[in-house]
Protein chains: 2
Amino acid sequence: MVKLTQQRQSILDLINASNRHWDADEVARALSDAGQAVGIATVYRGLAALEAAGLLDSIQLADKKRYERADKAHHDHMICTECGLIEEFTRETIEVLQLAAAKERGFELSGHQLTMFGRCKKCSLEKV
Amino acid sequence: MVKLTQQRQSILDLINASNRHWDADEVARALSDAGQAVGIATVYRGLAALEAAGLLDSIQLADKKRYERADKAHHDHMICTECGLIEEFTRETIEVLQLAAAKERGFELSGHQLTMFGRCKKCSLEKV
DNA sequence: GAAGGGAATGATAATCATTATCGTTATCAT
DNA sequence: ATGATAACGATAATGATTATCATTCCCTTC
């Protein structure tokens, strides 16, 4: 049985108190700064356990994985390749079409990730 | 100016002659087996250059990047978490909705990746 | 047809996120 | 108290990718 230890509670509280997308290192650093230092290996294990328990969501980026609160409606991401901004968006219809495509192929869907890349509004305006 | 060297041509030919999704290591190994060994660093650089030139497409998986031919219609991927099978599918409507969502936020889209995870038909049937 | 410059190559070291290892510690039921 | 089980934390290991750097290739120009 998975345990919600003190360390995991700290990780969860930290992420739940924000709207950011955290990577393991940022979590470790933030907890350390808050005087609740948690070993980096424990952070990795904690994040994975919390995600498996449905208490956190994650997106896999090219270089690393980032975690966010799970208590929000499902959404996908739009990432600015210029400034790193991560915006969220939802399109119910896309979800429906995905399910249909999966069913069509006899695929038993367990998850998906839709990520769009480009330049956010701000960056598009700033640099020609 | 980017050059289409002998090595890059070999990489391109190899991938174009298949429908697979190759990672750098597989490419290096295959070329080596074919008697056209290419340094692993060169393979990485070649793949990146060919993709930048629009001659190859790629999908970023959790652990590594995989390359495929670019001379096919745009499509997304469905990956079996059991056997690793990568199936392709297309849903024109999804593309349209993505563009709409981007425009709505002033996002200047440069690319996207939609990947679905689950168990393929075969694996769903085999193991309960 | 030699000389010089830009790009690519290849061997290898370095980087960086993540996972494995392992002895120690906390927690909970008997 | 006694185990049993899960987690912790420090650190080593892994694995994909990138950086370094001396060498080589390919043009273009003289």
Side-chain angles (χ1 to χ4, degrees), chain A residues 1-15 20-53 55-68 79 81 84 86 113 115 117, chain B residues 1-15 20-53 55-68 79 81 84 86 113 115 117:
Chain A
M1 18 260 55
V2 172
K3 293 179 184 170
L4 186 53
T5 62
Q6 202 39 248
Q7 288 90 336
R8 290 179 181 178
Q9 189 65 62
S10 298
I11 294 172
L12 190 55
D13 289 345
L14 173 70
I15 296 180
R20 298 188 35 200
H21 297 77
W22 303 76
D23 67 31
D25 206 56
E26 290 169 345
V27 169
R29 204 178 306 277
L31 291 178
S32 177
D33 288 351
Q36 319 196 337
V38 171
I40 187 65
T42 301
V43 169
Y44 273 103
R45 279 180 301 224
L47 288 170
L50 291 168
E51 180 180 22
L55 299 174
L56 287 181
D57 275 346
S58 75
I59 45 172
Q60 174 70 53
L61 301 188
D63 50 340
K64 58 180 69 165
K65 205 168 181 180
R66 288 186 171 277
Y67 293 83
E68 64 178 319
I79 301 177
T81 50
I86 302 182
Q113 183 176 320
T115 310
F117 302 95
Chain B
M1 17 264 53
V2 172
K3 293 179 187 171
L4 187 52
T5 63
Q6 203 38 248
Q7 288 90 337
R8 291 180 180 177
Q9 188 65 61
S10 297
I11 294 173
L12 189 56
D13 289 345
L14 174 71
I15 297 180
R20 297 189 36 200
H21 297 76
W22 303 75
D23 67 30
D25 206 56
E26 290 169 345
V27 169
R29 203 178 308 277
L31 291 179
S32 176
D33 289 351
Q36 319 196 336
V38 172
I40 187 66
T42 302
V43 169
Y44 274 102
R45 281 180 300 225
L47 288 170
L50 291 167
E51 181 181 21
L55 299 174
L56 287 181
D57 275 346
S58 75
I59 46 172
Q60 174 70 54
L61 301 188
D63 49 340
K64 58 179 70 166
K65 204 168 182 181
R66 288 186 172 275
Y67 294 82
E68 65 178 318
I79 301 178
T81 50
I86 302 182
Q113 183 175 319
T115 311
F117 301 95

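So that the names make sense, note that chain A is the first sequence line, chain B the second, and so on, each numbered from 1. Hydrogens, waters and symmetry mates play no part in the numbers below; they use all other heavy atoms, side chains included.
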- Task: Round to the nearest Å and state the distance from A/Q60 atom CD to D/dA16 atom P.
- Result: 14 Å
- Which heavy atom of A/S58 sits nearest a heavy atom of A/K65, and at what distance? OG-CE, 3.2 Å
- What is the distance, rounded to the nearest whole Å, between atom CG of A/L47 and atom C1' of C/dA17? 13 Å
- Show your reasoning for whether salt bridge (charged side-chain N to carboxylate O under 4.0 Å, His left out) applies to A/K64 and A/E26. CA-CA 12 Å; A/K64 58 180 69 165; A/E26 290 169 345; 6.0 Å; no
- Minimum-distance pair of heavy atoms, taken over all atoms of B/D57 and B/E51: C-OE2, 4.4 Å
- Note on the structure: What one should report as the nearest heavy-atom pair of B/R8 and B/G46 is NE-CA, 3.9 Å
- Note on the structure: Checking N1-N3 plus N6-O4 or O6-N4 for Watson-Crick, or N1-O2 and O6-N3 for wobble, each under 3.5 Å, the partner of D/dC26 is C/dG5
- Query: What is the nucleic acid contact for B/D63, judged by heavy atoms within less than 4.0 Å: base, sugar-phosphate only, or nothing?
  - Reply: sugar-phosphate
- Message: Applying a 4.0 Å non-hydrogen cut-off, can you work out what A/D25 is touching in the nucleic acid: base, sugar-phosphate, or nothing?
- Response: nothing
- Look at the side-chain N and O atoms of B/Y44 and state whether any lies under 4.0 Å from the OP1 or OP2 oxygen of D/dT17. yes
- Item | Separation of C/dG10 P from B/Q36 CD (nearest whole Å) | 12 Å
- Note on the structure: To the nearest angstrom, the CH2-P distance between A/W22 and C/dT18 comes to 16 Å
- Query: So which heavy atom on A/A24 is nearest to which on A/I40, and how close?
  - Reply: O-CD1, 4.1 Å
- Measure from CZ on A/R66 to C1' on C/dT18 and round the result to the nearest Å. 15 Å
- Query: Over how many whole Å does the gap from A/R29 atom CZ to C/dC16 atom C1' extend?
  - Reply: 13 Å
- Message: How many whole angstroms separate atom NZ of B/K64 from atom P of D/dT14?
- Response: 16 Å
Pairwise N/O distances under 3.5 Å, protein to nucleotides 5-9 of chain D:
from, atom 1, to, atom 2, distance (Å)
D/dA6, O3', A/M1, O, 3.4
D/dA7, OP1, A/K3, N, 2.9
D/dA7, OP1, A/R8, NH1, 2.9
D/dC8, OP1, A/T5, OG1, 2.4
D/dC8, OP1, A/Q7, OE1, 3.3
D/dC8, OP2, A/R8, NE, 3.4
D/dC8, OP2, A/R8, NH2, 3.4
D/dC8, O3', A/Q7, NE2, 3.0
D/dG9, OP1, A/Q7, NE2, 3.3
D/dG9, OP2, A/G39, N, 3.3
D/dG9, OP2, A/T42, OG1, 3.1
D/dG9, N7, A/R45, NH2, 2.5
D/dG9, O6, A/R45, NH1, 3.1

- Query: Around A/Q6, counting heavy atoms of other residues, nucleotides and ligands shown, do more than 12 lie under 6.0 Å from its CD?
  - Reply: no
- Query: So, A/T42 and A/Q7: side-chain donor and acceptor under 3.5 Å apart, yes or no?
  - Reply: no
- For B/Y67 and D/dA16, what is the distance between atoms OH and C1' respectively, to the nearest whole Å? 11 Å
